[in-house]
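Note sheet for the following structure.
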Amino acid sequence: MSVDEQEPEYMDHEPDAVPEPSVDQAPTGVLPVVSPPTGALSAERLAIKALETRLLGGERKLRRREVAAGAGVSLLSARKLWRALGFPNFGDQDVAFTERDLAALSTILDLVRAGKLTEEAAISVTRAIGQMTDRMVVWQVEALIEDMVVQQGIPDAVARKQLVNELPNLVDAMEEILLYSWRRQMNAGVQRLAVRAEAGLQASEAGREGDEDDAPLPLARAVGFADLVSYTSLSRRMNEKTLAQLVQRFENKCAEIISIGGGRLVKTVGDEVLYIAETPAAGAEISLALAQAFTEDEILPEARVAMVWGRILSRLGDIYGPTVNLAARLTALAEPGTVLVDEMTAAALGQDERFVLVPQTAENVRGFGEILPVRLARGLGKGLVLD
């Protein structure tokens, strides 16, 4: 991606690109382009048009080449960033962009020009923003629609149409909360970096000899999985509404416990949640609290939980490495309502009176050979205190 000079891609035809069909689909997070009216716009169309203008910061007046030229970058380079954000392709004649699109593109490019980000980092950061905000918008829209269906007793299709009229009253508040949350999360990330630099280094080697398979990986973390028991059979017997409530209850409870324990919820995949913590003890507390919470829940089934202390690679908002794979394998071995750890994790927790460690029968684990699982149980203390 060249950001310092105009490139040959500004010719009328791009030599390395195949012709792109003109589309009337708007970029991710943007309402569809409204076709030129043949008569008066309906009230619904007027509402959509007004909301689009508000969200986009003005009327669509610019074509893609005009935006790229205004930012001083080749069209090819601009398209790389738009694709990272999740935008679809537009043809040369599509009037799809506003002055705010130009300002946003210039902001990203200025970071590269100033040497604050490499081109690769700029695309990666941009892709993170695009993917996270896309998922967030879908989540928020579905939550609002579900609430309208329940509270107003209207069909789903009707709620989706009415939401266009409700959103103008919510946009500013949701935008403000988004910025507030991002700043708080960024601060929490900075604090975790500081903790790792000051006090976490000693804990990062707890129970380790330095010759483990994951030793080359940069971050030491407690990696845990919690998996609902019999979720598949339960989901087959549930209607859409009941299943949605179960999934939401599961995610909410996991997010609350992991947050209180000082960990981070990496992702949820159906009936399973992946989380990390800074120390073996923090991971153990979260794992025990999750197992107990689902055992005591009157609606949710029990959960199998496993936690492994080891080194990981963190990329694209996800985590990778043998530690993650081993934690997943141990989860499948755990009995409902219990927590399993491996020998190294047990060694790291062995002197902590808050935990009881009970060796189990050795198991042959795919990809790891013979593993000695250790059951983790509550020792002294109350564990995590949930409000």
Side-chain angles (χ1 to χ4, degrees), residues 221-238 243 246-261 263-277 280-310 312 318-319 321-346 348-349 355-379 383-384 386:
R221 295 290 187 271
V223 178
F225 279 93
D227 182 16
L228 287 181
V229 176
S230 303
Y231 171 82
T232 301
S233 59
L234 279 172
S235 62
R236 289 173 180 168
R237 302 197 300 268
M238 294 179 177
L243 179 59
L246 183 144
V247 171
Q248 188 170 350
R249 186 181 183 92
F250 170 63
E251 290 193 358
N252 289 346
K253 191 174 288 288
C254 287
E256 178 185 12
I257 292 171
I258 294 167
S259 176
I260 290 173
R264 181 171 75 86
L265 195 160
V266 177
K267 64 181 178 181
T268 55
V269 183
D271 60 338
E272 191 171 61
V273 63
L274 170 62
Y275 56 95
I276 58 175
E285 291 285 17
I286 291 171
S287 300
L288 288 171
L290 286 170
Q292 180 179 349
F294 293 119
T295 298
E296 297 175 349
D297 193 282
E298 66 276 11
I299 297 176
L300 293 170
E302 290 183 302
R304 296 184 177 91
V305 184
M307 189 271 289
V308 174
W309 173 246
I312 62 169
D318 207 340
I319 59 174
T323 298
V324 183
N325 298 333
L326 179 56
R329 301 281 192 273
L330 287 178
T331 305
L333 297 177
E335 293 294 326
T338 68
V339 179
L340 285 184
V341 300
D342 68 323
E343 283 186 279
M344 188 177 72
T345 306
L349 297 170
F355 310 113
V356 173
L357 298 152
V358 184
Q360 307 293 294
T361 304
E363 298 275 358
N364 198 309
V365 177
R366 180 166 56 90
F368 293 91
E370 189 172 85
I371 295 293
L372 181 64
V374 180
R375 180 173 176 178
L376 176 68
R378 169 64 53 201
L384 291 185
L386 308 179

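All residue numbers in this chain count up from 1 along the given sequence. All values below come from the heavy atoms of this structure, side chains included, with hydrogens, waters and symmetry mates left out.
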* To do: Answer whether the closest heavy-atom distance between the side chains of Gln360 and Ile371 falls below 4.5 Å.
  => no
* To do: For Val356 and Gly379, work out which heavy atoms get closest and say how close.
  => CG2-CA, 3.8 Å
* **Nearest atoms (heavy-atom pairs only) where Gly283 meets Ala222** => CA-CB, 3.8 Å
* To do: State the CD-NZ distance between Gln248 and Lys253, to the nearest 0.5 angstrom.
  => 13.0 Å
* Structure fact -> Heavy-atom closest pair (Ile258 atom, Tyr275 atom, distance to 0.1 Å) is CD1-CB, 3.5 Å
* Take atom CZ in Arg378; do more than 12 heavy atoms of anything else shown fall under 6.0 Å from it? -> yes
* Min side-chain heavy-atom separation Phe225-Arg304 under 4.5 Å -> no
* **Heavy-atom side-chain proximity of Leu372 to Asp342 below 4.5 angstrom** => no
* Taking side chain as C-beta onward, heavy atoms only, is Val341 less than 4.5 Å from Pro373? -> no
* Asked: Is Leu357 close to Arg375 at the side-chain level, that is, under 4.5 Å between some pair of heavy atoms?
  -> no
* Structure fact -> Rounding to 0.5 Å, atoms CD (Gln292) and CD1 (Ile257) come to a distance of 8.5 Å
* Applying side-chain contact (heavy atoms from CB on, under 4.5 Å), run through Arg249 and Asp297 and close with a yes or a no. => CA-CA 10 Å; Arg249 186 181 183 92; Asp297 193 282; 3.0 Å; yes
* Any side-chain heavy atom of Trp309 sitting closer than 4.5 Å to one from Thr323? -> no
* Structure fact -> Rounded to the nearest 0.5 angstrom, the CE-CG distance for Met344 and Leu349 is 10.5 Å
* Structure fact -> Heavy-atom nearest pair, Phe355 first then Ala281, reads CZ-O, 3.8 Å
* Asked: Out of curiosity, Leu290 CG to Glu256 CD, how far, rounded to the nearest 0.5 Å?
  -> 10.5 Å
* How far apart are the C-alpha atoms of Thr331 and Val305, what are their side-chain angles, what is the distance that settles it, and do they pass the side-chain contact (heavy atoms from CB on, under 4.5 Å) test? -> CA-CA 5 Å; Thr331 305; Val305 184; over 6 Å; no
* To do: Mind listing the closest non-hydrogen atom pair of Gly261 and Ala282 along with its distance?
  => O-CB, 4.2 Å
* Asked: Taking C-beta and beyond as the side chain, do Ile319 and Arg221 meet within less than 4.5 Å on heavy atoms?
  -> no
* Which is it for Leu376 and Leu340 under the side-chain contact (heavy atoms from CB on, under 4.5 Å) test, yes or no, and what are the steps along the way? -> CA-CA 6 Å; Leu376 176 68; Leu340 285 184; over 6 Å; no
* Applying side-chain contact (heavy atoms from CB on, under 4.5 Å) between Val223 and each of Leu326, Ile312, Thr345, Asn325, report the one that passes. => Ile312
* Asked: Could you give the distance from CG (Leu288) to OG1 (Thr338), rounded to the nearest 0.5 Å?
  -> 10.0 Å
* Asked: Rounded to the nearest 0.5 Å, how far does CD1 of Ile286 lie from CG of Leu265?
  -> 9.5 Å
* Answer yes or no: is there a side-chain heavy-atom contact under 4.5 Å between Val266 and Ile276? => yes
* Quick one: closest heavy-atom pair of Met307 and Ser287, and the distance? => CB-OG, 3.4 Å
* Asked: More than 12 heavy atoms of other residues, nucleotides or ligands under 6.0 Å from CD of Glu251: is that the case?
  -> yes
* To do: Apply ring-ring contact (aromatic ring centres under 6.0 Å, His included) to Phe294 and list each qualifying residue two or more places apart in sequence or on a separate chain.
  => Phe250
* To do: Show your reasoning for whether side-chain contact (heavy atoms from CB on, under 4.5 Å) applies to Val308 and Val324.
  => CA-CA 8 Å; Val308 174; Val324 183; over 6 Å; no
